[in-house]
A.B. asks: 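Sharing a structure below in structure tokens format, with a few things to ask.
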2 protein chains.
Amino acid sequence: MADPKKHASLFLHEDSLHEAVELLFFAYRDFTGVADALLAEHGFGRAHHRVLHFVAQSPGLSVSELLATLRITKQSLSRVLKQLVEQGYVTSKASGQDARRRELTLTDKGQDLQNRLAKAQQDLILSAYEQAEASSVDGFRKVMLGLIQEPLDRARFAAPAPQPRALRSKGSASVANRPLDRRR
Amino acid sequence: MADPKKHASLFLHEDSLHEAVELLFFAYRDFTGVADALLAEHGFGRAHHRVLHFVAQSPGLSVSELLATLRITKQSLSRVLKQLVEQGYVTSKASGQDARRRELTLTDKGQDLQNRLAKAQQDLILSAYEQAEASSVDGFRKVMLGLIQEPLDRARFAAPAPQPRALRSKGSASVANRPLDRRR
DNA sequence: TTTTTGGGTCAGCCATATTGACTTAATATT
DNA sequence: AATATTAAGTCAATATGGCTGACCCAAAAA
């Protein structure tokens, strides 16, 4: 709205706003769908998958950090987390610094399942990337980022275009290895 | 995988596969979130929203068509559909051609709610479009389309680049006005 | 006439979410 | 040292939105 020229060009795509609503519905339905069969084999659901994903990404994160990311209540998390811990997919050990905090990590068994779940979804994304042009990937990324409302969640994703060399470490230190935000 | 050159360029973006998984999670969470407050005011949930959306898009569609799109069972749909009909958001009348079929349409009340729900989500999408470059929208669209597994659902979206003139009618006959696929 | 189809319904189950209240242990504050 | 706050866990009750299985009815098709 701020830049009238920009808005004018977007006006041409007004139908595409409606279309985008459906694209999100169908794409997300199928994106989650590819992991469901695998989860069902283990008697798990999507809630378990989300826990595995975020624990895999930030090993050692605490229960309250996980709660903030998932945006569910402690009671809701406790049920699935308890199953994952009891069945040996996740370990929960008290922190050295603060013994109240429980640091969550995946066991080998948990990592193995998470790897297979991630592969199923990443294969789908790869095939979508292959069907589009290479330039589409960056556009996809920018629009998706714009859909994320919560600034803290948006901050999880490194800036794409303007990358100060100082911030790029040698390894592929993507967002995957950065600790979650610990601010209250 | 078929084209090794293409794959090589995608290889550079391997981290982006992992990133895309999270983008989908957060973007979809916030995308659905903007409609939730409005739905809650009416005592409805996302299931009601989906019915309103698809009935609005294809007025007169049948129950079985809606079931196929939503991929839920008749029993699951019946609960929410019954509420929507009883509370005067949706009408269900027997078809002239085939009296077994019930043709679903929105009442003015239903259309009004659907308009407000759509606006909330479309405002979010517009703001995401504005934050990205204009070229990003097409990339977003192509990748999202590639994520849709079901060919019938993918066919809902008109081809973007190669548009045979014969298929383009005069009005803005977007996907919104095309009847749903009636194949089994 | 018989079968199939579209739609509806009853009954029960499961997964995932919610709120509210409470406990425990550890850390922080005063 | 006493008190408050925090992180985590738990119990109980409730809601939503899925599911299966078993039916029924009426209309259309075979």
Side-chain angles (χ1 to χ4, degrees), chain A residues 25 28-29 32-33 35-37 39-52 55 60-87 90-104 180 182-184, chain B residues 25 28-29 32-33 35-37 39-53 55 60-86 90-104 180 182-184:
Chain A
F25 170 74
Y28 195 75
R29 184 195 63 184
T32 53
D36 286 346
L39 287 164
E41 286 173 22
H42 296 257
F44 293 149
R46 289 178 190 172
H48 302 85
H49 185 183
R50 291 193 285 268
V51 171
L52 291 173
V55 173
L61 95 172
S62 70
V63 170
S64 60
E65 285 161 353
L66 186 53
L67 286 175
T69 301
L70 297 175
R71 295 245 192 104
I72 58 173
T73 58
K74 194 171 42 164
Q75 295 88 331
S76 294
L77 175 60
S78 98
R79 195 175 11 89
V80 295
L81 186 54
K82 194 188 289 185
Q83 289 178 287
L84 289 168
V85 170
E86 284 173 354
Q87 295 175 39
V90 171
T91 58
S92 168
K93 60 171 289 248
S95 160
Q97 274 93 313
D98 183 342
R100 291 172 302 179
R101 295 170 58 99
R102 316 303 309 274
E103 296 180 341
L104 304 173
L180 283 175
R182 310 234 156 154
R183 282 167 281 173
R184 76 222 68 263
Chain B
F25 170 75
Y28 195 77
R29 183 195 65 182
T32 53
D36 286 347
L39 287 164
E41 287 174 23
H42 296 257
F44 293 148
R46 288 179 191 171
H48 302 87
H49 186 183
R50 291 193 284 268
V51 171
L52 291 173
H53 173 93
V55 172
L61 96 171
S62 70
V63 170
S64 61
E65 285 161 353
L66 186 52
L67 286 174
T69 301
L70 296 175
R71 295 243 192 106
I72 58 175
T73 59
K74 192 170 45 163
Q75 295 88 328
S76 294
L77 174 60
S78 99
R79 227 179 347 199
V80 295
L81 186 53
K82 194 190 288 185
Q83 290 178 285
L84 289 168
V85 170
E86 284 173 353
V90 171
T91 58
S92 168
K93 58 174 289 249
S95 159
Q97 273 93 312
D98 183 343
R100 290 172 302 181
R101 294 169 60 98
R102 316 304 310 272
E103 296 180 341
L104 304 174
L180 284 175
R182 311 234 158 153
R183 280 166 282 172
R184 84 226 72 257

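For clarity, every value in this text was computed on a predicted model and none was experimentally measured. Just so it is clear: chains get the letters A, B, ... in the order the sequence lines come, proteins before strands, and each one is counted from 1.
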A.B. asks: Rounded to whole Å, how long is the line connecting atom CD1 of B:Ile72 with atom C1' of C:dC14?
C.D. replies: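 Rounded to the whole Å, the gap is 16 Å.
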A.B. asks: Got a second to check how far B:Leu70's CG is from B:His53's NE2, nearest 0.5 Å?
C.D. replies: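 One gets 10.0 Å once the value is rounded to the nearest 0.5 Å.
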A.B. asks: Just the endpoints, please: which first and last nucleotides of DNA chain D, 5' to 3', lie under 4.0 Å from a heavy atom of chain B?
C.D. replies: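 With heavy atoms of chain B under 4.0 Å away, the range is D:dG17 to D:dA28.
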A.B. asks: Figure out the CG/C1' separation between A:Leu67 and C:dT16, and round it to whole Å.
C.D. replies: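 Those two atoms, CG and C1', are 14 Å apart.
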A.B. asks: Could you pull out the closest heavy-atom pair between A:Ser76 and A:Ile72, with the gap in Å?
C.D. replies: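 Heavy-atom minimum between the residues: CB-CD1, 4.1 Å.
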A.B. asks: Over all heavy atoms of both residues, which pair between A:Ser92 and A:Arg102 is shortest? Give the atoms and the distance, please.
C.D. replies: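 Closest heavy-atom pair between A:Ser92 and A:Arg102: O-NH2, 3.1 Å.
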A.B. asks: Rounding to an integer number of Å, can you tell me how far B:Arg79 CZ sits from C:dC14 C1'?
C.D. replies: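 Atom CZ in B:Arg79 sits about 12 Å away from atom C1' in C:dC14.
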A.B. asks: For A:Ala99 and A:Val80, take the nucleotide of DNA chain C holding the closest heavy atom to each; which residue's nucleotide lies nearer the 5' end?
C.D. replies: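 Mapping each residue to its closest nucleotide by heavy atoms, the 5'-most match is A:Val80.
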A.B. asks: To the nearest Å, how far apart are A:Asp36 CG and C:dA15 P?
C.D. replies: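 Going from CG in A:Asp36 over to P in C:dA15 covers 14 Å.
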A.B. asks: Looking at A:Thr32 and A:Arg29, what are the two nearest heavy atoms and their distance?
C.D. replies: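 Shortest heavy-atom separation between A:Thr32 and A:Arg29 comes out as OG1-O, 3.0 Å.
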A.B. asks: Answer yes or no: is there a side-chain heavy-atom contact under 4.5 Å between A:Leu67 and A:Thr73?
C.D. replies: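 The answer is no, as the side chains (C-beta and beyond) never meet within the 4.5 Å cut-off.
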A.B. asks: Can you tell me how far apart CZ (B:Arg71) and CG (B:Leu66) are? Round to the nearest 0.5 Å.
C.D. replies: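 Between B:Arg71 CZ and B:Leu66 CG, I get 13.5 Å after rounding to 0.5 Å.
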A.B. asks: Would you kindly compare A:Ser95 and A:His48 by the position of their nearest DNA chain C nucleotide and give the one closer to the 5′ end?
C.D. replies: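 Nearer the 5' end of the strand: A:His48.
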A.B. asks: Any chance you could measure A:Leu84, atom CG, to A:Leu104, atom CG, to the nearest 0.5 Å?
C.D. replies: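 Those atoms lie 10.0 Å apart.
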A.B. asks: Would you say A:Ser76 places a side-chain N or O within less than 4.0 Å of OP1 or OP2 belonging to C:dT16?
C.D. replies: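 Answer no for this pair, as no side-chain N or O of A:Ser76 is under 4.0 Å from OP1 or OP2.
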A.B. asks: Which pair of heavy atoms, one from B:Arg46 and one from B:Gly33, lies closest together, and at what distance?
C.D. replies: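 Where B:Arg46 meets B:Gly33 most closely, the heavy atoms are NH2-N, 4.3 Å.
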A.B. asks: Could you run down the sub-3.5 Å N/O contacts of the protein with nucleotides 6-9 of chain C?
C.D. replies:
residue : atom : partner  : partner atom : Å
C:dG7   : OP1  : B:Val63  : N            : 3.4
C:dG7   : OP1  : B:Arg102 : N            : 3.1
C:dG7   : OP2  : B:Ser64  : N            : 2.8
C:dG7   : OP2  : B:Ser64  : OG           : 3.0
C:dG7   : N7   : B:Lys74  : NZ           : 3.3
C:dG8   : N7   : B:Lys74  : NZ           : 2.9
C:dG8   : O6   : B:Lys74  : NZ           : 2.4

